Amino acid sequence: MPETALVTPDAVEDLLVDVIRRRHPEHLAKLERERGLDPETLERYRTVSHMAAEGTDARLSGDVLPACLLGVIGTAGEPTMTEDNRLNVALQLGMQVSVLGQRRRDTLRRRDWTAWTTIECVLQRVPRSGPVASIRLTDYEPVEQTDEQRVLAEARVVFTVTVADMLAVIGGLPVDTTPWPPGGPLGPPATPYEPPAPAPDVAEVTYTIDKEPIVE
């Protein structure tokens with residue numbers, strides 16, 4: 001019995017992190033051309049990572065900003081079962097964009113430019129193959145924190161990312177009540193770290209068919 005693939009949320013996070021790291025500068029450059037700005041006027045991300053990888057203290061220090069942090073925060077609706085007994089799961093993926101500045105208007109504008117070029121990058125550049133079947137923007141919330149010396153401007157974004165065939169409900173490892181012995185074909189592995197034994201080959205059979213006309 002062949003093993004079935006399992007797509008875990010971190011695979012979706014890894015894909016978006018990789019796409020933003022490699023492709024987001026192209027979207028900043030496109031916005032610069034649209035606005036008549038000199039190349040590299042807009043600051044690139046210093047940090048594009050998983051939400052769990054960067055602590056709040058590091059983000060607020062400003063050393064890693066501008067920053068884009070991503071993480072799966074739950075599911076959107078009930079997973080659906082396919083005819084092949086596999087689950088299609090819609091994940092809610094949160095994205096936090098943070099920029100730091102001294103002048104409020106300039107900082108908020110840079111926040112919006114950075115966040116919306118990142119949204120454009122995700123919607124246009126993430127492949128609709130592999131773990132991601134579809135992706136759509138479902139929420140955008142701008143927030144800010146201001147003190148006497150600086151303005152921290154952030155955008156909290158939520159995407160709904162549909163993962164096709166996230167897991168197989170039937171198939172893969174055999175059910176617990178299988179009559180086949182461990183370690184043998186169609187049975188469970190002999191040890192947890194040993195792959196299942198392949199199913200036996202079907203014997204080759206040669207036969208001939210005689211055709212006779214049907215007489216009414």
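This structure is a prediction, so every number in the text was calculated from the model and none was measured.
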List the atom of [X], the atom of [Y], and the distance in Å for their closest heavy-atom pair.
X      : Y      : result
Leu65  : Arg46  : O-CD, 3.0 Å
Cys121 : Arg23  : SG-CB, 3.8 Å
Leu100 : Arg110 : O-NH2, 2.6 Å
Pro79  : Val89  : CB-CG2, 3.9 Å
Arg104 : Val151 : CA-CG2, 4.0 Å
Ile135 : Leu123 : O-CD2, 4.0 Å

Exercise: do [X] and [Y] side chains pair donor with acceptor under 3.5 Å:
X      : Y      : answer
Thr8   : Asp10  : yes
Tyr45  : Thr118 : yes
Glu154 : Ser98  : yes
His24  : Arg125 : no

Could you check if a side-chain atom of [X] sits within less than 4.5 angstrom of a side-chain atom of [Y], using non-hydrogen atoms only?
X      : Y      : result
Tyr140 : Ile119 : yes
Val7   : Leu167 : no
Val163 : Val132 : no
Thr162 : Leu91  : no
Arg35  : Trp113 : yes

May I ask you to check whether over 12 heavy atoms, not counting those of [X], lie within 6.0 Å of atom [atom1]?
X      : atom1 : value
Arg105 : CZ    : no
Glu141 : CD    : yes
Arg109 : CZ    : yes
Glu40  : CD    : no

Give a yes or no on whether the backbone of [Y] and the side-chain of [X] come within a donor-acceptor separation of less than 3.5 Å.
X      : Y      : result
Thr41  : Asp38  : yes
Arg136 : Ser134 : no
Asn88  : Asp165 : yes

Applying a strict under-4.5 Å side-chain criterion to I, L, V, M, F, W and Y, I'd like to know whether [X] and [Y] cluster together.
X      : Y      : result
Leu108 : Leu37  : no
Trp116 : Val97  : yes
Leu31  : Val122 : no
Met95  : Val19  : yes
Val72  : Val158 : no

So, taking the atom named [atom1] in [X] and the one named [atom2] in [Y], what distance separates them when rounded to the nearest 0.5 Å?
X      : Y      : atom1 : atom2 : result
Leu152 : Glu144 : CG    : CD    : 9.5 Å
Leu87  : Glu78  : CG    : CD    : 9.5 Å
Arg156 : Leu69  : CZ    : CG    : 12.0 Å
His50  : Cys68  : NE2   : SG    : 11.0 Å
Leu42  : His27  : CG    : NE2   : 13.5 Å
Arg44  : Arg21  : CZ    : CZ    : 14.5 Å

(message) Can you tell whether the side chains of Glu83 and Arg86 come within less than 4.0 Å, N to carboxylate O?
(response)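 A salt bridge is absent here (no side-chain N lies under 4.0 Å from a carboxylate O).
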(message) Check this for me: does any side-chain nitrogen of one of Glu34 and Lys30 sit under 4.0 Å from a carboxylate oxygen of the other?
(response)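 Here Glu34 pairs with Lys30 in a salt bridge, since their nearest N and O are under 4.0 Å apart.
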(message) Let's go through Val12 and Leu93 carefully: what are the C-alpha distance in whole Å and the side-chain angles of both, what is the deciding distance for side-chain contact (heavy atoms from CB on, under 4.5 Å) to 0.1 Å, and is it a yes or a no?
(response) CA-CA 9 Å; Val12 177; Leu93 186 136; 4.0 Å; yes
